[in-house]
Amino acid sequence: MDLLTVDHNKCIKCGLCVEACPSCILNMGTDGPECNFDRGCMSCGHCVAICPVGALDNKYTPLAEQLPVPTNLPSQEDIYNWMRARRSIRLFKKETPKEADVVKLLDICRYAPTAGNSQGMYYLVLTDPNKIKAIADAVADWMELEVAAGSNNKRYFTVVLKAYRERKQDIIARNAPMLIFATVRRLNVTGVSNAEQCFAYADLFAPTIGLGTTIAGFIQSCAIAGYQPLLDLLNVPDKHKVVGTLMVGYPKAKYQRMPERQHLKYEYID
Ligand SMILES: Cc1cc2nc3c(=O)[nH]c(=O)nc-3n(C[C@H](O)[C@H](O)[C@H](O)COP(=O)(O)O)c2cc1C
């Protein structure tokens, strides 16, 4: 089966599919769009999604599986406020998030952008409090080694270690009832950037299902650095590597206000 099927009765040869193709593998022939290198298709579905008359099909992203974009989306003001009201959640109820909610949280991450539409994220979900404590302990051990080695994070890690070791405050895992590790195949060089995008989706979506999330930066840095005692706790599948970590739980409190940020800084460069 060819990559593209064009309904020539419908096609108006507007060329939008050709212009939108991220791989530039389409061109406009006399009868409509044609593919000049079908192995270059990254299965993003844009050519089908953008066609104003539904004339185009792609064997990897069938027209029949593409939902129409809803017309009743929230207003710009609602979305602006939603995004501003998002908070990193560090106060969690003890309750383990329900699997149905976790599935919804991770499912929306499938729609985040990934380099070359590589997707391929595989999540490890941890809920055992003893395992989470062991993970935080391993991260603290790693930080001590980093401090001793004179790492660039020496001063910051020293502050973190004081809280974790001396004051017994869980600054590393925030007593979260759940940690989610994003993993990708080892050869995927854009995995960390992809995971950031996926978890940004999770952060923004979580409140719609009553969840709160925060990037577990210390834990993910330790895992990405390849600290073996931490990796030994995770059972990462063979050929996979950790590219991100998220704390997840039901928030214990509700934020009432939206803090201000640094001023926007920008300039046009000619
Ligand atoms: C890469 C990254 C790592 C982060 N790591 C942590 C972390 O380990 N612990 C934590 O409590 N918050 C962490 N955060 C959350 C930031 O502290 C938070 O985004 C920032 O303070 C602004 O607050 P807000 O997200 O509620 O707007 C991280 C955020 C990012 C983007």
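Remember, it's 1-based here, ligands and their atoms both numbered in the order they're listed. Keep in mind it's a predicted model, so treat the numbers as computed, not measured.
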### Query
Angle class for the Tyr122/His240 ring planes (parallel below 30°, perpendicular above 60°, tilted otherwise)?
perpendicular

#### Entry: Heavy-atom pair of closest approach, residues Ile89 and Thr214
N-OG1, 2.7 Å

### Message
I'd like to know if Asp141 pairs up with Arg165 as an ion pair, taking the criterion as any Lys NZ or Arg NE/NH1/NH2 lying under 4.0 Å from an Asp or Glu carboxylate oxygen.
### Response
yes

### Query
Under 3.5 Å, N or O to N or O, is Ala216 touching ligand 1 that way?
no

### Closest to atom 8 (O) of ligand 1 among Ala200, Ala85, Gly217 (heavy-atom distance)
Gly217

### Option of least heavy-atom distance to atom 28 (C) of ligand 1 (set: Ile215, Ile219, Leu246)
Ile215

### Query
Is Arg87 close to ligand 1, meaning an N/O of one under 3.5 Å from an N/O of the other?
yes

### Message
Return the closest protein heavy atom for atom 22 (C) of ligand 1 as residue, atom name and distance.
### Response
Arg261 NH1, 3.6 Å

#### Entry: Ala173, Gly244, Ser88, Ala176: member with heavy atom nearest to atom 19 (O) of ligand 1
Ser88

#### Entry: Nearest heavy atoms of Val53 and Ile12, plus distance in Å
CG1-CD1, 4.3 Å

### Query
Which ligand 1 atoms, with their elements, are less than 4.0 angstrom from a heavy-atom of Met247?
9 (N)

### Query
Can you list the atoms of ligand 1 that are under 4.0 Å from a heavy atom of Thr214?
10 (C), 11 (O), 12 (N), 13 (C)

#### Entry: Hydrophobic cluster partners of Val103 (side-chain heavy atoms under 4.5 Å)
none

### Message
How close do Cys109 and Tyr123 get, counting heavy atoms only, and between which atoms?
### Response
CB-OH, 3.5 Å

### Task
Please identify which atoms of ligand 1 are closer than 4.0 Å to at least one heavy atom of Phe218.
8 (O)

### Query
If you measure from atom 16 (C) of ligand 1 to every heavy atom of Arg84, Arg86, Arg90, Met258, which option wins on shortest distance?
Arg90

### Task
Please list all pairs passing the side-chain hydrogen bond (donor to acceptor under 3.5 Å, both in side chains) test where one or both residues lie in residues 253-265, with sequence neighbours left out.
Gln262-Lys265

